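Below: the structure, in C-alpha cells.
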Amino acid sequence: MTRYIRHAAAFCALLLIALLVNATRVQVFQADALDADEANRRNAIVRFEQPRGDILVDGRPVTGSRDTGEQLRYERTYKNGPLYAPVTGYASQVYGTTFLEHAEDDILSGTDPMLAPLPLWNDITRAQNPGGKVETTIKAAVQQAAYAGLGGKRGAVAALEPSTGKILALVSTPSYDPERLSGTDRAVADTWAELNGGATKPMLNRAIRQTYPPGSTFKVVTAAAALDSGEVTDPDAPTKSPNPYTLPGTSTQLTNEVDGCTNASLRYAFRWSCNTVFAKLGVDTGLAPMVGTARNFGFNDSGLRIPSSVAASNFDTSMDRAQLGLSAIGQYDTRATPLQMAMVSAAVANGGSVKAPHLVDRTTTEDGDVVDATGAKTLRQAMNPGTAAQLREMMTQVVDEGTGTNAAIPGVTVGGKTGTAQHGIDNSGTPYAWFISWAQAPDDPEPSVAVAVVVEDAAADRGDISGGGSAAPIAKAVMEAAIGAH
Amino acid sequence: MAGTSAGTAPPAVPAVRVPRRRGTELTLLVVAVLLSVYGYCAVGLAKNDTVPPGAAGYGAGLGVLALVAHLAVRLRAPYADPLLLPIAVLLNGLGLVLIYRLDLETPRDEAAPAQLIWSTVGVGLFIAVVLFLRDHRVLQRYAYLSVVTALVLMIVPIFFPAVNGARIWIRFGGFSIQPGEFAKILLAVFFASYLAANRNALAYTGRTLWRFRRLQLPTGRVLGPIVAIWLLSVGVLVLERDLGTSLLFFGLFVILLYVATGRIGWIAVGLLLAALGAFAVGSLEPHVHSRVEDWLHPFASIEAGRGPNQLAQSLFAFAAGGMLGTGLGLGHSILIGFAAKSDFILATAGEELGLSGLCAIFLLYALLVERGFRAGLALRDAFGRLLAIGLASILALQVFVIAGGVMGLIPLTGMAMPFLAQGGSSVVTNWIIVALLIRVSDSARGQPVPVEAA
C-alpha cells in the first residue's frame, strides 16, 4: 500500500504544481492585460482615490476637489466653471476628461513618472504621487473681459501674446459648468444628456474646435501672399480692379459694400474691405503662393496641439480661378478656427513669425517643483518681416479710420481687420461677425496681445460693419484687459 | 529518523520512540498567533491609520484558543505531528484577518465576529476529539452509522430553500449550517473502513475486461456500493446544484480506492465515470452549464456590456496583486461582490498578499496535506492509513477545486477554502479533520518502531 500512497501523494503534489503555475500565469503573465481591462474598476478607484492636482490661472487654482467618501472618492470642483470650461474641460467619473484635464491628465492624476522623487521610486514603493499642478498662460482679466464681452451671444474669443504664443484667453459661449459632470449620481447623466441635446452645444469649444468661414479677416492672408509674392509691390499704387468683378470663367459678379473700390490701392481696399480688389488679387497671385502663405499661417495643419488638439483650418489646395477668387476673401471652402485667426493677427504683430500657441506655461509637482515648462517656439515664418510691417500699418489704419474704429483704444496702437461671413443655404443665416486685432501699449516695444473674436448671432445688419459693430468692441475690451494686465 | 534515533538508544531496548516535539509546536503556535495579529494590525493601519481597537482582544482570543488546543494535544496526543496545529491556527487566523479586512468595506454586514465564534466552536470540537477519541480504530466500528448519517445530512437540505442557486444549507432561526461539510468526514470514515475490509476482494477477484489485467472489474456484490456512491455524488450535484461536493466525494473515493487496491484500472474507470457524469450534468443542468460557460469565457459578460462577472472580478483581483501584492487592506477585492468573504476569499489574499503570499498559503496547505500522508505512511493498520490519506486528500482536493475555480483553472464550484473562508460549518469541519490527523499522527509517531526497521 505504501507505494500507492506515494502515488496519491504525487498526485496531490501535481495538483499543487498546477495551482502554482496557474497563479503565476494570472498574477504575472496575464496581469498587465487584466490590469488594463477597461471593465476593471480598480483603475477608476485608484484614479479618484486622491485629490486631483489643480489647474492654475494667474497662480490661483480654478479647480478643486471634493471628498465624497464614495468608492470613486474625490470629485472635481470648479471655480468659475463656465468661464474656464474651454480651458479646463471636465474631469468626470463617468464621462472621462477633455481639454487640459485630458491633455495633462498624467500630471493632474499623479501618474506621470516625472512626478516621482526618484526614477522608478514608485515602482518599488507602489506609492502614488500626489497630483501635480498645471499653470496656464491664461490671464484671468483677459478671460473675463472676453467672456463678459460675448455676454449671452454665441461665439468665441482667442487671445495670444504674439511674441511667445501664450494663450491669454480662450472663451467659448454659451458655456457650461464642468462641475455638473463630476460624480456618479443620476444628476450627472441628466446633465450629460441636457448638454449634448442642447441646440446651442455648450460643450463645443468654439475657440479651437469649431471652424468658421473667416470672411474678410482672411484678406490679411491674401494681402501677405500678394506682397510676399511680388504681385503687389506698392500698397499705394492703384490696382486694375473692376467693380463689379466677374469671377474668371463664370458669370458671377462680385460687388462691394462700400464705394471707391474700382482700381483701389491695396491700402484703400484693405481699409474698406473691398471684395472685388482682394478676389482679383488672389486670382492674380495664383494658387501656389496663396496656398503656401495660408499654410505658413497655420492653415491645413491638423497636428496643432495647445496641448489639446486644434481643429484644422482649411484652405483648399486645388481650385479653379473662380474658387480661388472667393477663397481669397474668406469664402468658398475657406474655414478657420478663432485661434487660427488670432495666430494670423499675431503673425502680423510679431514681424511675420508664428509662435506655437500654448495654454500651459509649466507643470509642477504638488510642492511646486517644475516638471516641465513650455517656452516660446516658432512654428513658421508666415511672411517677410517687411510685409508684416506694411500689414501692421494697414491694420492700424483699419482701426484709425476704416471699418474697425470701434476697436480703437485712446493712446494705444491698435491694428485690426473686420470680417463678415455669410453662411447657410443661399446665405440665409445670420452672418458671423469677425474681428481680428492686436494692440501695442505706448511704452511697449512690440504688440503684446493679438485677438480674434467671432460672434455667431450678431445683430443682423449685413456687411463688414457687422464685424466692426458686434465683434470689434469685444476685441477692444479684451485688448484693454490684456494691456492692463500686462 | 528511526535510524538516527536507534543509534543513540541503548541496544538493549527493542524499540525507540520519536521525539515528542511539543516545544516546537508551542514555538510555532506563538509565531502563528503573532503573524495573525500583525496582519490584523496591518489592515487597521492601512485603512484607518490606527491599530484596530480589537487588536489586543483578537490576539488574546486566538492565543487562548491556540494554547488550550496545544494543552489538549500535549495531554492526550503527545507524539502528534507538531506542524499540524500551528498551520491550522495560522490559516484560521489569516482567514479572520481577511474577513475582518473585507468587513471594513461592508460595515452593515460583518462576518468576522461570527467567524471567530465558529472558530472557537471548531477548536472546542478539536479539543473534544483529541481528548475523547483515544484510538482512531474505534471509528471503524461506526462505518455504516457514518455513511447513513452522511446520507441523511446530504439529503436534508433538499427540503430547504435554495440559497444563491444551491440547496446545500439548513436554516433555522437566524442560523444556517451546511451539513454536506460534516458529511465529508463521515464519508471518509466509511470509505476507509469499507476499503480496508474489502481491499482484497476488490484487488484480486472479478472479471477481466478485454485482455488487460489492469482493467479488471470486481464482482457485483463488491462493486455495488461503489456505483451507489457514484450515483449519489451525481445525485447530490443535480438536486443540490453542488458540483464541488460531488467532485470532492468522487475524487476522495477514487484516491482511496487506488491506494487500497493499487489498480490503475480504477483510476481509468473513475475518470471515465467522472467525465461522463460531469459532461451529462454540465450540458443538462443550467446552473452548472453556466459555470462551465463562465470558465470558458470569463469576459463574455463584459463583451456583452453587462460588466465583469464574479470570475472576471476575481481574475482582476489576482492580477492587481501581482508578485508582491498591494498590502493588506489596500486592495479592492470587495468588487467581487457577495461571495468575496466566502468562495472568493482567496482573491483577497491574491490581491493583497500577491503571488508570494498566495504561494505561501498554498505551501501551508501542501504541508498540512503532506503531514497527513506522512502519518498514513507511518501507520500500520489499513483503516488508519486510509483514513489519514482520505482526510489529507479532502484538504488537497478542496484547495485545488476552489483555488482552481476562482483563478480560472477549472470551472468554479461553490466551496470553502479550508480555514480561510467565511463559513461556520466549514471551519468546524476542518478543525475536526485536523483533530483526526493529530490523533492518527500521534498513533503513527507514538507507536514503537521495530528494531528491524532501523
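None of these values were measured; they are calculated from a predicted model. Proteins get letters first, then strands, A, B, ... in listed order; numbering begins at 1 in each. Hydrogens, waters and symmetry mates play no part in the numbers below; they use all other heavy atoms, side chains included.
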query: Any side-chain heavy-atom pair from A:Leu16 and B:Val399 closer than 4.5 angstrom?
result: no

- prompt: What is the minimum heavy-atom distance between A:Ala9 and B:Phe373, and which atoms define it?
  reply: N-CE2, 3.5 Å

Interface moiety of A:Val26 toward chain B, non-hydrogen atoms closer than 4.5 Å: both

- prompt: Does B:Gly321 offer a backbone N or O that forms a donor-acceptor pair with the side chain of A:Gln27 under 3.5 Å?
  reply: no

message: Ignoring hydrogens, what is the shortest heavy-atom contact between A:Leu20 and B:Phe362? Give both atom names and the distance.
response: CD2-CD1, 3.6 Å

query: Do you know which of B:Leu358, B:Ile389, B:Val259 has the most heavy-atom pairs under 4.5 Å to chain A?
result: B:Val259

- prompt: Any side-chain heavy-atom pair from B:Leu335 and A:Ile45 closer than 4.5 angstrom?
  reply: yes

query: Out of B:Ser393, B:Gly408, B:Gly372, B:Gly354, which one racks up the most heavy-atom pairs below 4.5 Å with chain A?
result: B:Gly354

statement: Output for pair (A:Ile5 CD1, B:Ile255 CD1), nearest 0.5 Å, gives 12.0 Å

statement: Bottom line for A:Ala33: the part with an atom under 4.5 Å from chain B's heavy atoms is neither

query: Contact part of B:Ala317 toward chain A, heavy-atom cut-off under 4.5 Å: side chain, backbone, both or neither?
result: both

Between CZ on residue A:Phe11 and CG on residue B:Leu397, distance to nearest 0.5 Å: 6.5 Å

message: Angle between ring planes, A:His7 versus B:Tyr258, binned at 30° and 60°: parallel, tilted or perpendicular?
response: parallel

query: Which bit of A:Leu19 is near chain B, if near means a heavy-atom gap under 4.5 Å: side chain, backbone, both or neither?
result: both

message: Quick check for you: to the nearest 0.5 Å, what is the distance between A:Arg41 atom CZ and B:Ile334 atom CD1?
response: 13.5 Å

Non-hydrogen side-chain atoms of A:Leu34 and B:Phe299 separated by less than 4.5 Å: yes

- request: Check for a donor-acceptor pair, side chain of A:Asn22 on one end and backbone N or O of B:Met407 on the other, with a separation under 3.5 Å.
  value: yes

- prompt: Which bit of B:Leu355 is near chain A, if near means a heavy-atom gap under 4.5 Å: side chain, backbone, both or neither?
  reply: both

- prompt: Do you know which of B:Leu330, B:Leu315, B:Val369 has the most heavy-atom pairs with chain A at a distance under 4.5 angstrom?
  reply: B:Leu315

- prompt: Using non-hydrogen atoms only, which part of B:Ala392 is less than 4.5 Å away from chain A: side chain, backbone, both, or neither?
  reply: neither

field: A:Glu38, part contacting chain B, at a heavy-atom distance under 4.5 Å
entry: neither

task: Rounded to the nearest 0.5 Å, what's the gap from CE on A:Met1 to CG on B:Leu386? Could you check?
output: 4.5 Å

task: Please name the pair of heavy atoms, one in B:Pro308 and one in A:Ala39, separated by the smallest distance, quoted to 0.1 Å.
output: CG-O, 3.5 Å

message: Need one label for B:Ile302: side chain, backbone, both or neither, based on atoms under 4.5 Å from any heavy atom in chain A.
response: side chain

query: Which region of B:Gln313, side chain (C-beta onward) or backbone (N, CA, C, O), has a non-hydrogen atom less than 4.5 Å from a non-hydrogen atom of chain A, or is it both or neither?
result: both

query: Heavy-atom count around A:Arg6 CZ within 6.0 Å, excluding the residue itself: above 12?
result: no

- line: Counting heavy-atom pairs under 4.5 Å with chain B, the top scorer among A:Ala13, A:Ala18, A:Ala8 is A:Ala8

